[in-house]
Amino acid sequence: MEVPLQLTRACTENRKWLLELNYFAIFIFRFAGMGNLIKVLTRDIDHNAAHFFLDFENAQPTESEKEIYNQVNVVLKDAEGILEDLQSYRGAGHEIREAIQHPNDEKLQEKAWGAVVPLVGKLKKFYEFSQRLEAGLRGLLGALTSTPYSPTQHLEREQALAKQFAEILHFTLRFDELKMTNPAIQNDFSYYRRTLSRMRINNVPAEGENEVNNELANRMSLFYAEATPMLKTLSDATTKFVSENKNLPIENTTDCLSTMASVCRVMLETPEYRSRFTNEETVSFCLRVMVGVIILYDHVHPVGAFAKTSKIDMKGCIKVLKDQPPNSVEGLLNALRYTTKHLNDETTSKQIKSMLQ
């Protein structure tokens, strides 16, 4: 009996298809192992999600973004002034030393107190700005994690809000870098509190006490005791946002952070995107935002940024950093080394740890 030609062809095509499928399965199992099959199959989907250009230079708010954008913009317009004040903060170390060495010299005591009080006024301004920044961040998180859009869709559709989110992260890293290298801040504030306490005991009226009362001084003391106070503020604000919005899956928030990290990494390593930057400062802005969002993710996510299940490609991000001129990124690499939460966990791969050594 003669087999019809069409049936013969169909059988041949099926055998070829089955053979190709078999080869593909062998490749997948050899490459990833059975436990990682799903991850391999979805890897391209995950990575492609971040393949869009986020215009950090020119993004303007759409009508739907304007309300949140304007609220956050009121905060951000003061950010550069805060950084300038912090950068020029010299402290009252000399006056304080003189006063401590000559405790019975009233003129030196008055001189030290007169030097410290206006500086504490600046420290109060920095602290109050951190509270305003926290409120701004929570507003942005509310907009960028709301249903029905995914974090990727939000960042692509609402680029002006994504830019503001990036600017908050950029400011945070710059503030904390400056604070960490300026021991005068904590020395001045400690002297202020000690002297104020002594004045109260002796019933001496203290100029400056009205500006920073005891309750505020306690909160400021906790803030400046942190190695990275602004990052701690953002981390606490993000955690609080998640706990207050129980109807919103935590993944909406952590995926927003991981997607932002991926977008920055992809723009930096893709010549087509990188060539669209018109300002040379945008590269360093992108790098700083990428590191900032990794650190924030590591503090907020239950298992952190370095675990195998993390949605951030840590090896790719570290490679992007190491591809830059060494002097320009050492501070950012140190931020990953010393201000993250989970780098030294057992779940962090040896390869990632060695890349950051």
Side-chain angles (χ1 to χ4, degrees), residues 71-93 95-96 112-141 164-200 206-241 243-244 288 292 295-296 299-300 335 338-339 341:
Q71 290 171 10
V72 177
N73 203 45
V74 170
V75 179
L76 285 173
K77 69 181 177 60
D78 294 332
E80 201 57 41
I82 293 288
L83 290 174
E84 286 171 5
D85 282 351
L86 179 56
Q87 195 155 18
S88 63
Y89 189 101
R90 292 292 172 264
E95 291 85 350
I96 290 171
W113 182 249
V116 163
V117 168
L119 291 172
V120 169
K122 279 190 177 184
L123 297 181
K124 178 191 175 190
K125 184 171 79 168
F126 300 160
Y127 171 74
E128 288 175 340
F129 184 78
S130 77
Q131 304 307 291
R132 294 170 61 204
L133 201 68
E134 175 186 346
L137 175 73
R138 289 169 68 183
L140 287 173
L141 285 173
Q164 287 185 319
F165 182 39
E167 285 170 345
I168 287 176
L169 291 162
H170 186 253
F171 166 85
T172 296
L173 257 68
R174 288 177 68 197
F175 182 95
D176 286 347
E177 281 173 10
L178 291 169
K179 186 266 176 185
M180 278 193 287
T181 56
N182 195 338
I185 289 172
Q186 279 180 278
N187 293 339
D188 291 349
F189 197 64
S190 295
Y191 178 80
Y192 172 84
R193 297 202 74 187
R194 288 197 309 273
T195 306
L196 196 60
S197 177
R198 193 165 61 247
M199 287 176 166
R200 283 194 191 120
E207 176 209 345
E209 184 178 4
N210 292 334
E211 189 168 355
V212 180
N213 61 34
N214 202 44
E215 183 194 348
L216 178 57
N218 286 336
R219 284 187 274 126
M220 286 173 62
S221 187
L222 290 171
F223 176 76
Y224 287 112
E226 294 288 338
T228 52
M230 283 292 174
L231 176 67
K232 181 70 164 60
T233 299
L234 296 198
S235 175
D236 288 349
T238 307
T239 303
K240 192 173 181 182
F241 172 81
S243 65
E244 287 178 351
R288 197 177 293 269
I295 297 168
L296 187 57
H299 280 259
V300 172
Y338 306 121
T339 66
K341 187 176 179 181

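Counting from 1, the numbers follow the sequence of the chain as shown.
Of all non-hydrogen atoms in E95 and A112, the two that sit nearest each other are O-CB, 3.5 Å. When all heavy atoms are compared, the tightest approach of A237 to L137 is CB-CD2, 4.1 Å. Nearest heavy-atom pair, I168 versus L140, reported as atom, atom and distance to 0.1 Å: CD1-CD1, 3.7 Å. Between V72 and G136, the shortest heavy-atom contact is CG2-O, 3.7 Å. Of all the heavy atoms in I96 and Y191, the pair that sits closest is CG2-CD1, 3.6 Å. Residue M220 comes nearest to V212 through the heavy atom pair SD-CG1, 3.9 Å, listed as atom of the first residue, atom of the second, then distance.
Salt-bridge annotation for E134 and R138: present, with a side-chain N of the basic residue lying under 4.0 Å from a carboxylate O of the acidic one.
Within the 4.5 Å cutoff, no side-chain heavy atoms of T172 are placed close to those of T233. Counting heavy atoms from C-beta on, the side chains of R174 and L86 never come closer than 4.5 Å. A 4.5 Å side-chain heavy-atom check between I295 and H299 finds at least one atom pair inside the cut-off. Using a 4.5 Å heavy-atom threshold, the side chains of N218 and R193 count as touching. Between K179 and Q186 the shortest side-chain heavy-atom distance falls below 4.5 Å. Contact check for Q131 versus R219: no side-chain heavy atoms found under the 4.5 Å cut-off. In this structure, K122 and P118 have side chains that are not in contact, with every pair of non-hydrogen atoms separated by 4.5 Å or more.
Using bins of under 30°, 30° to 60° and over 60° for the plane-to-plane angle, the ring pair Y192/W113 lands in the parallel bin.
To the nearest 0.5 Å, atom CD of residue Q164 and atom CD of residue Q71 are 10.0 Å apart. With values rounded to the nearest 0.5 angstrom, K232 atom NZ is found 9.0 Å from L222 atom CG. Taken from CZ in F126 to CZ in F223, the straight-line distance is 9.5 Å, to the nearest 0.5 Å.
Using modelled atom types, one side-chain atom of S243 and one backbone atom of K240 make a donor-acceptor pair closer than 3.5 Å.
Atom CD of E244 has more than 12 heavy atoms from other residues, nucleotides or ligands within 6.0 Å. Summarising the local packing, CD of E226 is surrounded by more than 12 heavy atoms from other residues, nucleotides or ligands at distances under 6.0 Å.
Note: F129 and F171 meet the aromatic proximity criterion, with ring centroids under 6.0 Å apart.
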